[in-house]
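This report concerns only the one structure given below.
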Amino acid sequence: MDYIGLSELEIQRRESLKELRNLGIDPYPAEGYHVNIYTTDILSKFSDENMPKNLKSVSLAGRIMSRRIMGNASFVELQDSKGRIQLYFKRDDICPDEDKTMYNVVFKRLLDIGDIIGVKGFVFRTKMGEISVHVTEFTVLSKALHPLPIVKEKDGHVYDAVTDLEMRYRQRYVDLIINPHVKDVFIKRTKIINTMREFFNEKGYLEVETPILQPIPGGAAARPFITHHNALNIPLYLRIANELYLKKLIVGGFEGVYEFAKDFRNEGMDRTHNPEFTVLEIYVAYKDYLWMMEFTEKMVEKVAIALHGTTKVKLGDKEIDFKTPFKRISMYAAIKEYTGYDISGKSEKDLRQICKELNIEVDETMGKGKLVDAIFGEKCEDNFIQPTFIIDYPIEMSPLTKKHRSIPGLTERFELIVNGKELANSYSELNDPIDQKERFEDQLRLSEKGDDEAMFIDRDFIRSLEYGMPPTAGMGIGIDRLTMFMTDSPSIQDVLFFPQMRPEKKAEIFNESIFVENGIPEEWAKILFKSGFTSLAQLKEANPGKLHQILCGWNKKHKLGLQNPTPEQVKQWTNI
RNA sequence: GAUUGAUUAGCUCAGCAGGUAGAGCAUCUGCCUUUUAAGCAGGAGGUCCGGAGUUCGAGUCUCCGAUCAAUCACCA
């Protein structure tokens, strides 16, 4: 076995692996292990007076998280999918006969923290009062070769926790093993999605799937990822939204459709942005945005209660109350409240001037919509901590939204803001095909002006509207953000199992061939390379005596079991 | 992309106006027979992120690079 480059702990574990096999124990057995109880059930059902029958003979499996060996009695903490429990191993119970190998060798010496075992035994309470499993038999189920970081915990106080974010995100499996609260976040995430799904299904809306690879990335303003389809020889885009496809389904006659969709945006990454993220979009025929506002707040309230049993949720040092009804305020009223400016009816030039007076950075490519959005984003958004609907957006920033029924220049649109961040976005969908075509053309003009986020024109979408789409309300909500709010997570990386990261630095390219070609045996060539000799010139400069020592030392240290070269041989190598 | 900070044992972290690399846990060897984050004693374990420079001497100072984090910018 090639131990080069391994730490001592890893070498030890590989040695233990060999020894297990020599003893006839398969460290990775093929058959399953019969489990009849979880750690948490043992703890909750235990009773000193009236021990339930099923605790008299338990069989469970999990990972060894700590060991305390006291001669021929030992304690182990076992972690399964639900929690942890203490195991008690006693030599003469594990090995009733003369042969004490299973305890003295296999358990004490060849098992390590991180290994996965199955145990059978009975439940009891130790003198110290801890509910434990007295093990009568154990089975090695999987030997861990990579040492697990050791985290200790007592009375809620955690010692030596792994806090390195890079390790936690890159090796999420390790994070999940050693930081139990991490699992909770993801269990809650799934619960959020399930709760929403139930809410929609109860009303008879249909869960659907629409394309992720799209010839035209529509439905939002964002920079897409581009890929290429070989057979068709065309570019394809990863979707930035599923809006247009879902509306086509409403045209097709469904009453309500929804999709939990992965969207992709080729933009910056930070605490609240990941290149791929999950969005729920739902469209319901014969409804408008006022209906959707009530629908949305009920849905969010239901999620909060499903998760926490109350509408009040802790978020950092704040408490958010998701009790309905949420506050509603129009966008212009919000701007007036926080800036003092009444921007209704203002021209692009006026808006630019107002931005200047408010010290908001603007550039030439920004149209009216983006200017208003800049004012709102800069001066207002942060102020809305409790759930608030911002309603009635200017037409320029809402190209897929129906014009307001009574206020010119505005659209029937709302966003839900929580903790100063946009959570959901919704509107009465524009179903006038001619108006829609004009709005797309406006976007085209913005794009020509240099706005690289302006929407593409989707002619098939316009064609679908020409067949007639019923009045429809649509809503999109960021699942990652919702999960952040509901689990008190400060960054999106905490609610994604595998957040996008820069690739790990490539391992050094292993190339000892130059030495091999010059007659040095391969095993020694590798060691030369690993000890920092990467060229023949370097080798020539080396002191042969010292080099001999380095090589023999390496052989010993890493237990390679190679026959050491003679000093003369090594001298020869330096003279190649 | 900018600024600031970080990178030392498997893990958590010390270390200094430049002078032989430290602790706890984990690991190994003894002792210890129901412990409570960690029983006791002893041992082993490091390319101090990489490269160049200053110096008699660099983990420490300077420069370049890598990676990560925080803040900002960008992100309808």
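Residue numbers start from 1 in every chain, and the chains themselves are labelled A, B, ... in the order their sequence lines are given, proteins ahead of strands. Because the structure is predicted, anything quoted here is derived from the model rather than measured.
Going from atom CG of A:N266 over to atom CZ of A:F225 covers 4.0 Å, rounded to the nearest 0.5 Å.
Within the nucleic acid shown, A:A222 has no heavy atom closer than 4.0 Å to any nucleic acid atom. Residue-level contact check: A:N72 touches the bases, meaning some heavy atom is under 4.0 Å from a base atom. Residue contacts shown for A:F277 are absent, as no nucleic acid heavy atom lies under 4.0 Å away. Counting any heavy atom pair closer than 4.0 Å across all strands shown, A:M397 reaches no nucleic acid atom.
Under the 4.0 Å criterion applied to side-chain N and carboxylate O atoms, A:E137 and A:K120 are not assigned as salt-bridge partners. Taking the charged nitrogens against the carboxylate oxygens, A:E441 and A:K437 do have a contact shorter than 4.0 Å, which makes a salt bridge.
Considering only the side chain of A:R271, B:U71 comes nearest among B:U71, B:U36, B:A76. Relative to the side chain of A:R223, the nucleotides B:A76, B:U36, B:C74 differ in distance, and B:C74 lies closest. Nearest nucleotide to the A:R170 side chain, out of B:C68, B:A76, B:U35: B:C68. Proximity note for A:R68 (side chain, C-beta onward) versus B:A76, B:U34, B:A38: the nearest is B:A38. In this structure, the nucleotide among B:A76, B:U35, B:U27 sitting nearest to the side chain of A:L9 is B:U27. Out of B:U34, B:U67, B:C75, the shortest distance to the side chain of A:E267 is found at B:C75. Checked against B:A76, B:U36, B:C74, the side chain of A:D270 finds its nearest nucleotide in B:C74. The side chain of A:T126 lies closest to B:U36, out of B:U27, B:U36, B:A76.
Comparing the same atom, C1', in B:G24 and in B:G45 gives a spacing of 15 Å after rounding to whole Å. Between B:C11 and B:U27, the distance separating the two C1' atoms is 12 Å to the nearest Å. B:A9 and B:G22 have their P atoms separated by 14 Å, given to the nearest Å. Comparing the P positions of B:A17 and B:U55 gives a spacing of 22 Å, expressed to the nearest Å. A distance of about 13 Å separates the C1' atoms of B:U34 and B:G39, rounded to the whole Å. Comparing the same atom, C1', in B:G1 and in B:A58 gives a spacing of 33 Å after rounding to whole Å. Comparing the same atom, P, in B:U60 and in B:U36 gives a spacing of 44 Å after rounding to whole Å. Taking atom C1' on both nucleotides, B:G59 is separated from B:G19 by 13 Å, rounded to a whole Å.
With rounding to whole Å, A:E378 atom CD is found 16 Å from B:A76 atom C1'. Residue A:I178 contributes atom CD1, which lies 19 Å from atom P of B:C25 at whole-angstrom precision. Atom CZ of A:F122 and atom P of B:U34 are 14 Å apart (whole Å). The NZ atom of A:K127 sits 12 Å away from the P atom of B:U36 (whole-angstrom rounding). In this structure, A:L430 places its CG atom 16 Å from C1' of B:A76, rounding to the nearest Å. Taking atom CD of residue A:E10 and atom C1' of nucleotide B:A26, one finds them 14 Å apart after rounding to whole Å. A:L165 has its CG atom 12 Å from the C1' atom of B:A6, to the nearest Å. As rounded to whole Å, 14 Å separates atom P of B:U36 from atom OH of A:Y88.
Counting distance only, with no hydrogens placed and no angle test, the side-chain atoms of A:E130 and the base atoms of B:U36 include a donor-acceptor pair under 3.5 Å.
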Please lay out, stage by stage, how A:D480 and A:T483 fare under the test side-chain hydrogen bond (donor to acceptor under 3.5 Å, both in side chains). CA-CA 5 Å; A:D480 310 295; A:T483 306; 5.9 Å; no
Going through the distances and angles, do A:K402 and A:E412 end up as a salt bridge (Lys or Arg N to Asp or Glu O under 4.0 Å)? CA-CA 6 Å; A:K402 198 176 268 206; A:E412 300 213 335; over 6 Å; no
Show your working on side-chain contact (heavy atoms from CB on, under 4.5 Å) between A:L315 and A:M484 and close with a plain yes or no. CA-CA 9 Å; A:L315 184 60; A:M484 286 164 66; over 6 Å; no
Assess the residue pair A:F384 and A:Y338 against the criterion (ring pair (Phe, Tyr, Trp, His ring centres under 6.0 Å)); give the C-alpha distance rounded to whole Å, side-chain angles, the decisive distance to 0.1 Å, and a yes or no. CA-CA 11 Å; A:F384 299 107; A:Y338 289 104; 5.7 Å; yes
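Nearest-nucleotide assignment on RNA chain B puts the 5′-proximal partner with A:M501, out of A:M455 and A:M501. If A:E422 and A:K90 are placed on RNA chain B by their nearest nucleotide, the residue sitting closer to the 5' end is A:K90.
Taking the six-membered ring where the residue is Trp, the centroids of A:F89 and A:F138 are separated by under 6.0 Å.
Of the residues A:T472, A:T401, A:D435, the one that meets the side-chain contact (heavy atoms from CB on, under 4.5 Å) test with A:L430 is A:D435.
Ring pair A:H134/A:Y88 is perpendicular by interplanar angle, where above 60° counts as perpendicular and below 30° as parallel.
In this model, the phosphate group of B:C28 is not approached by any side-chain N or O of A:R109 to a distance below 4.0 Å at OP1 or OP2. Regarding contacts with the backbone of B:U33, every side-chain N or O of A:R91 stays at 4.0 angstrom or more from both OP1 and OP2.
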Pairing string, 5' to 3', for RNA chain B - Watson-Crick or wobble contacts under 3.5 Å, brackets [ ] where pairs cross, | to another strand: (((((((..((((.....[..)))).(((((.......))))).....(((((..]....))))))))))))....
